[in-house]
Amino acid sequence: MVAIAHLFFVSLAVMLTDGSVSMHNPFYCFSQDPVRPQIGMFATTTAYETVRGQAIYPNVSNCTPSKFWLVSRHGTRLPAVGNLVNILENYERLHRAVLSNYENGRTSLCAADIALIRNWAFDTNITLEVSQHLTTSGWDELEGLAKRYQSAFPSVLSSTYSLQDYLFRFANTQRSEFSLRAFADGLFGANKSDLVQFEDVPAVDTFLLPQTSCPLWNNVTSAQIEHLQFREGPEYEQMLSQVSAKLGFHGSHALKANEVEMFATICEYDQVFNLSAPSPLCGAFSVANHQVLEYYQDLDFYYRSGYGFSDYRRLFENLPCFLMQDLLSFLQSNDVDDHKARIYNTNGTPLMIMLVTFGAFQDNVPLTRHNFAQQSQRLWKTSLISPMAANLAVMRYDCADGDNDVLFLYNEKPLIIPGCQLNGLCKQSFLLEKFSRFLHANCEEMFCSNS
């Protein structure tokens, strides 16, 4: 009977997450769920493997592949300082308390989940000094990405490094540099990234990190409170109460928001570090709980990096001016001495903002703190658009009539740009006209303006 009930709840969870808000199941057993759909719902912590496209179709155009342009987010990294401080301050005490709660019959954890929690220990090698450093799984994400693109476009992405053919540039962080080195190893072979000449990293990087040099963007986004208001709202409060009860903290002993968020952080990072085994502390959360946590982050990035501030839409479209100018001039150039491939790595914000520039993933109804239940099929879902190693790849195909085809792939899936085909193909003439204002712009003046 228990097995039948479990299968019913698993089926119900999968069915409901495919287009509506899930019902909370207080007896959900994470480690025995063969699907575990929430692994693909970790917002910006989501592992790339869980959401990427499964096949690249290089023959989408009848023309000849000639030039490749890529900007990617770093791969899976260690938690940020704020997350680590929360973990280090709370995990030992709360870990002991959960085990005590179970022994005293106060939890609704299943036996399989509590067994994993009992044997869990925080990795003491993860310290504040290495916060946000790239992990082995993050390296593998970028190395694998390079191999798949090279397999799809071998005539453009040579397996032999040449300074004339390749340009590589990363942002000024350890995770960005090592992500790009992993990508280079994927192209050229193990340890061959040592042969690559990477572009110098400027002290002020308006090219790959424009938001960090734009006071207007900082002023606009620092005033956004939508996600904070959602955190104070009924759906989030209910999630906190449900997780507390699941772990045996009732009444005046209920967990605080930062304590539940600590469990969520450990759950998510442990899982993305090792996708093959269930993360012990994910047993604290139902599928419905993860939907709430995901929406909280989606709201944050919708206003910080997306379509949230309609009065400042032009600012967000302008921010990637340097990247857009580089892309368009690269597509337009027929200089035989130009690179065949330009490959960049940065963090997730510039990538999300570029989507705004293209008009991609825009919902008809804005995301707000009030419409969580109505936004279950939203386009702006950070688990899908900004997982670890998220990437925008652009391939130019040379056509005999001179109006080249340009393929846009986002996370190895066709990117649908308004005015282009559903398979990700655009005509070069259309792109140059649609985004002509970037071609000869003074990006120093444009990137941080709202006009």
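Please read these numbers as outputs of a predicted model, since none were measured by experiment. Computed from heavy atoms alone, side chains included, the values below leave out hydrogens, waters and symmetry copies.
- Between F372 and F230, the angle of the ring planes lies from 30° to 60°, which puts this pair in the tilted group.
- For the pair L84 and S131, the tightest heavy-atom approach, listed with the atom from each and the gap, is CD1-CB, 3.7 Å.
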For this session: Go through the steps to decide whether N371 and Y295 satisfy the test side-chain hydrogen bond (donor to acceptor under 3.5 Å, both in side chains), and finish with yes or no.
Result: CA-CA 10 Å; N371 61 4; Y295 192 70; 2.8 Å; yes
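- With hydrogens and angles ignored, the 3.5 Å screen pairs a side-chain donor or acceptor of T346 with a backbone N or O of L208.
- Among R304, R369, K381, R378, the one residue that satisfies the salt bridge (Lys or Arg N to Asp or Glu O under 4.0 Å) test with D298 is R378.
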Distance-only criterion, 3.5 Å: show the donor-acceptor pairs between side-chain atoms of residues 352-362 and protein atoms not counting sequence neighbours.
unit_1	atom_1	unit_2	atom_2	d
T357	OG1	E317	O	3.1
T357	OG1	I353	O	3.3

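- In this structure, CZ in F285 is found 11.0 Å from NE2 in H24, a value given to the nearest 0.5 Å.
- You'll find the side chain of Y57 stays beyond 4.5 Å of the side chain of L407, heavy atoms only.
- Side chain of S179 to main chain of R175: a donor-acceptor pair is present (N/O by atom type, distance under 3.5 Å, no hydrogens or angles).
- The side-chain heavy atoms of L255 and L240, taken from C-beta on, include no pair separated by under 4.5 Å.
- Ion pair K427/D405 flagged as a salt bridge, since at least one NZ, NE, NH1 or NH2 atom sits closer than 4.0 Å to an Asp/Glu carboxylate oxygen.
- A cation-pi arrangement is absent between K340 and Y166, since the terminal nitrogen or guanidinium carbon is not both under 6.0 Å from the aromatic centre and inside a 45° cone about the axis.
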For this session: Using the side-chain contact (heavy atoms from CB on, under 4.5 Å) rule, take Q332 and L328 through it: C-alpha gap first, then chi angles, then the decisive distance, then the call.
Result: CA-CA 6 Å; Q332 189 179 45; L328 295 171; over 6 Å; no
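- Residue K67 holds its NZ atom at 9.5 Å from NE2 of H339, rounded to the nearest 0.5 Å.
- Residues P414 and L422 approach most closely at CB-O, 3.8 Å, considering heavy atoms.
- Residues satisfying the ring pair (Phe, Tyr, Trp, His ring centres under 6.0 Å) criterion with Y303, sequence neighbours excluded, are F309.
- In this structure a side-chain-to-backbone donor-acceptor pair under 3.5 Å is missing from K413 to G424.
- Between atom CG of residue D185 and atom OG of residue S193 there is a gap of 4.0 Å, rounded to the nearest 0.5 Å.
- Using a 4.5 Å heavy-atom cutoff, the side chains of S61 and M395 are not in contact.
- When atom types are taken as modelled, the side chain of S31 and the backbone of P278 share no donor-acceptor pair closer than 3.5 angstrom.
- Side-chain contact between Y312 and W217 is absent, with no heavy-atom pair separated by less than 4.5 Å.
- Interatomic distance, CH2 of W380 versus CG of D363, reported as 9.5 Å (0.5 Å rounding).
- Under the 30°/60° scheme for interplanar angles, the aromatic rings of W69 and Y344 are found to stand perpendicular.
- Heavy-atom minimum distance, P366 versus N364: CD-O, 3.9 Å.
- Side chain of S333 to backbone of F330: no donor-acceptor contact under 3.5 angstrom is found.
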For this session: Kindly determine whether D300 and Q224 satisfy side-chain hydrogen bond (donor to acceptor under 3.5 Å, both in side chains), including the steps that lead there.
Result: CA-CA 8 Å; D300 183 12; Q224 74 105 341; 3.0 Å; yes
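- To the nearest 0.5 Å, the span separating CG on L351 from OG on S386 amounts to 7.0 Å.
- Counting only N and O atoms by type, the side chains of Y269 and R77 include a donor and acceptor under 3.5 Å apart.
- For R36 and F30, the positive end sits near the middle of the six-membered ring, less than 6.0 Å away and at most 45° from its axis.
- The backbone N or O of A43 lies less than 3.5 Å from a partner atom in the side chain of S383, making a donor-acceptor pair.
- In this structure, the side chains of N391 and Y48 come closer than 4.5 Å at one or more pairs of heavy atoms.
- A donor-acceptor pair under 3.5 Å links the side-chain atoms of T212 to the main chain of L209, judged by distance alone.
- In this structure, Q291 contributes its side chain and M41 its backbone to no donor-acceptor pair below 3.5 Å.
- Interatomic distance, L432 CG to F438 CZ, rounded to the nearest 0.5 Å: 13.0 Å.
- Side chains of W120 and I266 form a contact here, defined as non-hydrogen atoms less than 4.5 Å apart.
- For the residue pair Q297 / Y302, no side-chain donor-acceptor distance below 3.5 Å is found, with atom types taken as modelled.
- Although no hydrogens or angles enter the test, the distance criterion places a donor-acceptor pair under 3.5 Å between the side chain of S279 and the main chain of C267.
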Problem set entry | Intermediate values then yes/no, salt bridge (Lys or Arg N to Asp or Glu O under 4.0 Å), R73 and E141 | CA-CA 11 Å; R73 185 191 179 200; E141 285 169 334; over 6 Å; no
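- A donor-acceptor contact closer than 3.5 angstrom is absent between the side chains of N101 and T107.
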For this session: Apply side-chain hydrogen bond (donor to acceptor under 3.5 Å, both in side chains) to the pair S286 and N289, showing each step before the final yes or no.
Result: CA-CA 5 Å; S286 67; N289 296 153; 3.2 Å; yes
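- Checked for salt-bridge contact, E199 and R342 miss the test: no charged N lies under 4.0 Å from a carboxylate O.
- Ion pairing between R169 and D205 holds under the 4.0 Å rule for side-chain N and carboxylate O.
- Salt bridge status for E259 with R93: present, with a side-chain N to carboxylate O gap under 4.0 Å.
- The nearest pair of heavy atoms linking F447 to S213 is CZ-O, 3.6 Å.
- Distance alone, capped at 3.5 Å, is enough to place a donor-acceptor pair between the S176 side chain and the A171 backbone.
- Applying the side-chain hydrogen bond (donor to acceptor under 3.5 Å, both in side chains) test to every pair with at least one member in residues 428-441, sequence neighbours left out, gives these pairs: N318-R437, D403-S429, N404-Q428.
- At a threshold of 4.5 Å between non-hydrogen side-chain atoms, the residues N90 and N258 count as touching.
- By the 4.5 Å heavy-atom criterion applied to side chains, L142 and S72 are counted as neighbours.
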